Amino acid sequence: MKRRELISLLGGAAAAWPLAARAQQPAMPVIGFLDRRSPDGLADRLRAFRQGLKDAGHVEGETVAIEYRWAENQIDRLPTLAADLVRRRVTMIAAGGGVASILAAKAETKTIPILFIVAEDPVRLGLVASLARPGGNLTGINFLSLELAAKRLELLRELVPTATRVAVLVNPVNVTNTESTLRDLEPAARAIGLQMQVFKASTSPEIDAAFTTLVRERPDALFVSGDAFFDSRRVQLVQLATHHHLPATYSGREYAEVGGLMSYGSDITNAYRQVGIYTGRILKGAKPEELPVVQASKFELVINAHAARMLGLTVPDKLVALADEVIE
């Protein structure tokens, strides 16, 4: 073989080696992220999810890819979005934003691991056999929002002791959530001498319409139920309550941070971090049926003192002592 031909042959082989090495590398796992909402207003929760992934040894774009599917608050889109993720053969699916997202994913696959984040009891919903041993392809985080509804109403009464009539805003599309909320609130309201009137909204215009009717009825306070759609419209809800001089209680600190009077609920940001950690564990080989459902253990009372002053309310020393944070 001539020297020129030998150099050409060696050069071609050297160029081929990186290609061959890349071809032998395993494909990056893909997580499907399914949510009934839009990503607007969820930056903190997504950041926590990615932090949980990182804590478990994975970084988006480096060791794992994420395919996001947002239903933009159109629940009827969820089955199609879930089917698309299954068709793309994602490694696993993280489902949030309410029960509808989880059920849509569950209906599409019995083999792909599904991680949920849900306020309702996952055993009663039929998502898992038990909290300790889920038993199927689903597990996740139960952040106990609904179980705290009665306590949240009691705290509102302590902050507004003269209240006798309370309006309760629910999302009728979120049937399970609405039924559970009202089931817990009705006896709690009777026990502390409050009359309760229910208002419904499942779109932004319906929230405006509900407040128009609500203001005409002149309740003493407002209880906004814990709901993924309401979370995404928290600025609208807080602004309307402030504009109409209506003391209101909400399910998470994000409401108080944008000017809401009071919130009491689980640390949702931490729940999303835990979902990220579980995602990382499943990517490393853990089986969802063997990962126990994590129940929230940290609950936060946040009071916005500035909002209280604007409403002419004095925050009792007892509530100040109980609060995890008082926003000045």
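Note that the structure is predicted; figures quoted are calculated from it, not measured. Note that the numbering runs from 1 along the sequence shown for the chain. As a basis for the values below, the full set of heavy atoms in this structure was taken, side chains included, without hydrogen atoms, waters or symmetry mates.
Note that the CG atom of L138 and the CG atom of L125 stand 11.0 Å from one another [nearest 0.5 Å]. In this structure, CG in L85 is found 11.5 Å from OG1 in T91, a value given to the nearest 0.5 Å. Rounded to the nearest 0.5 Å, atoms CG (L283) and CD1 (I31) are 5.0 Å apart. Annotation: the span from L246 atom CG to L222 atom CG amounts to 5.0 Å, rounded to 0.5 Å. Atom CZ of F199 is separated from atom OG of S225 by 13.5 Å, given to the nearest 0.5 angstrom. Of the inter-residue distances, the one linking R273 atom CZ with D267 atom CG reads 9.0 Å to the nearest 0.5 angstrom.
Side-chain atoms of R37 do not come within 3.5 Å of backbone N or O of S232 as any donor-acceptor pair. The closest donor-acceptor contact from the side chain of N177 to the backbone of G226 lies under 3.5 Å. Within the 3.5 Å criterion, the main-chain N or O of V224 finds a donor-acceptor partner in the side chain of R152. Checked by atom type and distance alone, the side chain of S266 never pairs as donor or acceptor with a backbone atom of I268 at under 3.5 Å. Within the 3.5 Å criterion, the main-chain N or O of G96 finds a donor-acceptor partner in the side chain of S101. N142 places a side-chain N or O within donor-acceptor distance of the main-chain N or O of A119, the cut-off being under 3.5 Å. K284 contributes a side-chain N or O that, together with a main-chain N or O of A56, makes up a donor-acceptor pair within less than 3.5 Å. In this structure, the side chain of T212 engages the main chain of D208 through a donor-acceptor pair within 3.5 Å.
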For this session: Show your working on side chain to side chain contact (heavy atoms under 4.5 Å, CB included) between T139 and L115 and close with a plain yes or no.
Result: CA-CA 5 Å; T139 189; L115 274 177; 3.5 Å; yes
Exercise. Step by step, would you call F49 with Y272 a ring-ring contact (aromatic ring centres under 6.0 Å, His included)?
Worked result: CA-CA 5 Å; F49 173 72; Y272 271 81; 7.5 Å; no
Exercise. Would Y68 and D35 satisfy side chain to side chain contact (heavy atoms under 4.5 Å, CB included), going step by step from the backbone distance to the final call?
Worked result: CA-CA 8 Å; Y68 297 94; D35 200 291; over 6 Å; no
For this session: Please assess V118 against I102 for the test side chain to side chain contact (heavy atoms under 4.5 Å, CB included), listing each intermediate value before the final yes or no.
Result: CA-CA 9 Å; V118 66; I102 303 162; 3.9 Å; yes
For this session: Give the intermediate values and the outcome of side chain to side chain contact (heavy atoms under 4.5 Å, CB included) for residues W70 and L81.
Result: CA-CA 8 Å; W70 305 98; L81 296 174; over 6 Å; no
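When the ring-ring contact (aromatic ring centres under 6.0 Å, His included) test is applied to Y255, the partners found at least two apart in sequence or on another chain are Y250.
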Considering only distance and modelled atom types, tabulate donor-acceptor pairs under 3.5 Å from the side chains of residues 319-328, sequence neighbours left out.
from, atom 1, to, atom 2, distance (Å)
D324, OD1, L301, N, 2.8
E325, OE1, R253, NH1, 2.8
E325, OE1, R253, NH2, 3.0
E328, OE1, R309, NH1, 3.2

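L169 is not connected to V198 by any chain of hydrophobic side-chain contacts under 4.5 Å among Ile, Leu, Val, Met, Phe, Trp and Tyr, and they are in different clusters. Grouping the Ile, Leu, Val, Met, Phe, Trp and Tyr side chains by contacts below 4.5 angstrom, directly or via other members, places L34 with V30. Hydrophobic clustering (side-chain heavy atoms under 4.5 Å, transitive across Ile, Leu, Val, Met, Phe, Trp, Tyr) keeps F211 apart from L311. Under a hydrophobic clustering in which Ile, Leu, Val, Met, Phe, Trp and Tyr are joined whenever their side-chain heavy atoms come within less than 4.5 Å, directly or via other members, L127 and V99 fall into the same cluster. Follow the hydrophobic side-chain contacts under 4.5 Å out from F223 and you reach I303 in the same cluster.
Between the side chains of Q51 and D55, at least one donor N or O lies within less than 3.5 Å of an accepting N or O. In this structure, a donor-acceptor pair under 3.5 Å is present between the side chains of Q236 and R233. Under the 3.5 Å distance criterion, with hydrogens and angles disregarded, a donor-acceptor pair is assigned to the side chains of S180 and R124.
Heavy-atom minimum distance, A228 versus G98: CB-N, 4.3 Å. When all heavy atoms of I112 and N137 are compared, the closest pair comes out as O-ND2, 2.9 Å. Nearest heavy-atom pair, R36 versus N171, reported as atom, atom and distance to 0.1 Å: NH2-ND2, 3.8 Å. Taking all atoms of both residues into account, the shortest heavy-atom contact from L159 to P316 is CD1-CD, 3.9 Å. The two atoms that bring R165 and L194 nearest to each other are N-CD2, 4.2 Å, heavy atoms only. Among all heavy-atom pairs drawn from A167 and L214, the shortest one is CB-CD1, 3.8 Å.
Between L240 and V215 there is no side-chain heavy-atom pair separated by less than 4.5 Å. By the 4.5 Å heavy-atom criterion applied to side chains, V168 and L185 are counted as neighbours. T249 is not listed as a side-chain neighbour of L153, based on a closest heavy-atom distance of 4.5 Å or more. Side-chain contact between R47 and D44: present, with at least one pair of heavy atoms (C-beta onward) separated by less than 4.5 Å. Looking only at side-chain heavy atoms (C-beta outward), L261 and N304 stay at 4.5 Å or farther from each other. Side-chain atoms of I207 and F229, non-hydrogen and from C-beta on, do get closer than 4.5 Å to each other. Counting heavy atoms from C-beta on, the side chains of P122 and L131 come closer than 4.5 Å. Within the 4.5 Å cutoff, the side chain of E158 has no heavy atoms near those of the M262 side chain.
Within a 6.0 Å sphere centred on CG of D76, heavy atoms belonging to other residues, nucleotides or ligands number more than 12. Within a 6.0 Å sphere centred on NE2 of H244, heavy atoms belonging to other residues, nucleotides or ligands number more than 12.
Taking a cutoff of 4.0 Å between a charged side-chain nitrogen and a carboxylate oxygen, D231 and R234 do not qualify as a salt bridge.
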